[in-house]
Number of protein chains: 2
Amino acid sequence: MTESPVPPPPPMHHDSPIYRRIADRLRDQILSGALDDGDRLPGENALMAEYGIARATARQALAVLINEGLAVPRRGSGVYVRLFRPIRRHGSRRLSREQWGRGRAIWDSDTPGRAYAVDEVDLRREPASTPVSRALRCDDVWVRHRRYSVDGRPVQVATSYFPADIVEGSAITLPDPGPGGVYARLDDLGYPPVHFTEEVRARMPQPRETASLDLPAGTPVIVISRIAFAAGGVPVELNEMALDSASYVLQYDFDA
Amino acid sequence: MTESPVPPPPPMHHDSPIYRRIADRLRDQILSGALDDGDRLPGENALMAEYGIARATARQALAVLINEGLAVPRRGSGVYVRLFRPIRRHGSRRLSREQWGRGRAIWDSDTPGRAYAVDEVDLRREPASTPVSRALRCDDVWVRHRRYSVDGRPVQVATSYFPADIVEGSAITLPDPGPGGVYARLDDLGYPPVHFTEEVRARMPQPRETASLDLPAGTPVIVISRIAFAAGGVPVELNEMALDSASYVLQYDFDA
DNA sequence: GAGTGGTCTAGACCACGAA
DNA sequence: TCGTGGTCTAGACCACTCC
């Protein structure tokens with residue numbers, strides 16, 4: 001290529017910065033389907049050449065899409081369009097007594113026909129922190145922390161708290177709580193859950209969550225805080241969950 | 001490769017990059033409360049001086065926190081700790097017949113004692129798109145788009161679709177649907193909603209949503225897709241909502 | 001006017017993945 | 001080995017805020 005001694009500076013509109021215009025173009029191609037799930041985006045070098053920009057600027061454009069969760073970078077390989085294949089989590093049906101009453105795991109209702117696993121289980125007994133003791137109205141709790149994976153990929157981490165004076169000595173304090181899970185054991189103990197409240201939030205993950213869910217940049221977590229109540233309004237479980245938002249759709253049904 | 005007399009080479013992988021370590025320190029200060037809502041973070045110049053790094057690196061550190069939604073940059077001023085003052089949106093109670101049956105707006109139940117407003121209203125009749133026609137089982141729809149603000153800040157945009165053959169000529173096709181809102185009008189028309197399903201997702205916003213909700217970087221949206229059914233399972237409304245996740249906590253109650 | 005964040009250039013070395 | 005993205009430096013000019 002002939003290097004002109006007088007490089008004519010391209011007239012740049014300052015409507016929006018270059019990196020943003022480039023990101024907008026790429027986003028359009030993704031959302032319109034011109035670039036499909038798993039397709040490779042033009043890389044940093046390609047953008048530098050195509051638009052005559054510095055590397056940092058090309059990176060900035062790609063960073064926009066990455067932070068929006070539309071693309072994922074793969075080191076030594078490229079930047080790719082991200083996919084969204086959610087699990088449908090049915091808010092009420094999954095917790096109906098029929099589920100755990102028959103010795104079925106709640107997860108069977110979430111992931112029909114898919115391979116799910118409990119990756120990690122951590123159990124301990126400890127004094128309740130302030131928010132936990134306020135929710136469960138007790139001083140000591142058993143804590144069950146676990147991670148769930150579907151099709152080999154982590155999708156949720158959950159930490160459950162149980163009043164120690166209720167569950168002490170039961171299978172709830174063991175790694176495997178047995179058929180029907182912890183709710184069936186609470187039933188055995190005379191505290192079957194009859195009512196639930198769920199609080200749902202969304203936010204960007206904290207580093208610990210990013211690590212345990214192996215989240216790419218630009219992926220929020222859905223945070224669910226659920227309290228299970230036995231008869232008489234006695235709280236028997238507080239469950240704090242963090243869900244990979246790219247893996248989930250929550251469904252709730254109710255009457256007017 | 002000559003053996004250097006100098007110290008042990010770093011094993012395999014080095015620690016986190018500088019910008020990430022700095023971000024981690026600042027994050028700890030935010031989450032621990034040492035830096036509170038609205039406090040000013042050390043700026044780019046301060047970080048450059050404190051850590052002896054280049055400006056781009058300092059920016060990178062701050063960008064981490066901004067993309068996590070923990071901090072907001074203000075041009076010409078500084079970077080500040082972000083606040084979280086959510087609206088509690090009660091999934092079922094708010095849609096109970098008692099709400100709209102007595103001419104009360106649904107929003108009264110979400111924002112007790114706070115000033116809320118419908119900022120923008122857009123009305124049109126159009127052919128249903130494929131997903132809309134699948135949900136509502138009809139070909140033409142009336143579309144109500146509006147934006148809600150609380151305490152002067154936009155928190156939600158919503159687009160409702162109604163089967164045109166049901167609502168044509170009713171106040172649902174007018175900017176102000178009257179006391180009790182659109183559900184009271186559906187009741188008048190002989191199609192009172194008796195059942196709802198909500199699908200809840202979270203993701204990073206698209207530019208249009210960022211603009212209309214005035215979202216800072218690092219703020220996901222909660223996307224809710226709700227279908228209202230009249231007796232006999234007749235769908236009478238599809239409502240697609242996008243909520244500022246920093247402004248909302250969703251609450252759902254149900255029995256086992 | 002001084003200081004802040006926003007954008008951009010032009011280099012550098014590194015770790016990793018694929019061929 | 002070579003191209004990819006990941007990190008980092010050392011500058012520059014700009015628009016904006018605050019005083």
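This structure is a prediction, so every number in the text was calculated from the model and none was measured. Every heavy atom of this structure was used, including side-chain atoms; hydrogens, water molecules and symmetry mates were not. First the proteins, then the strands, lettered A, B, ... as listed; each starts at 1.
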Nearest-Å distance for atom pair [atom1]/[atom2], residues [X] and [N]:
| X | N | atom1 | atom2 | answer |
| --- | --- | --- | --- | --- |
| A/R59 | C/dC14 | CZ | C1' | 12 Å |
| A/Y80 | D/dG3 | OH | C1' | 11 Å |
| A/L47 | D/dG3 | CG | P | 17 Å |

Closest to the [X] side chain: [options]?
| X | options | result |
| --- | --- | --- |
| B/P73 | C/dG6, C/dT9, D/dG5 | C/dG6 |
| A/R40 | D/dT4, C/dT4, C/dT9 | D/dT4 |
| A/E44 | C/dC8, C/dG5, D/dG5 | D/dG5 |
| A/R75 | C/dC8, D/dA15, D/dG6 | D/dG6 |
| A/Q60 | C/dT7, D/dG5, C/dA10 | C/dT7 |

Is it possible for you to check whether B/R74 lies under 6.0 Å from the centre of the six-membered ring of B/Y80, through NZ or CZ, and within 45° of that ring's axis? yes
Please work out if B/R55 contacts a base, only the sugar-phosphate, or nothing of the nucleic acid, heavy-atom cut-off 4.0 Å. base
Give one of base, sugar-phosphate or nothing for B/I18, where a contact means two heavy atoms less than 4.0 Å apart. sugar-phosphate
The residue among B/L243, B/T219, B/D244, B/V221 that forms side chain to side chain contact (heavy atoms under 4.5 Å, CB included) with B/E209 is B/V221
Indicate whether OP1 or OP2 belonging to C/dT9 is found under 4.0 Å from a side-chain N or O atom of A/T57. yes
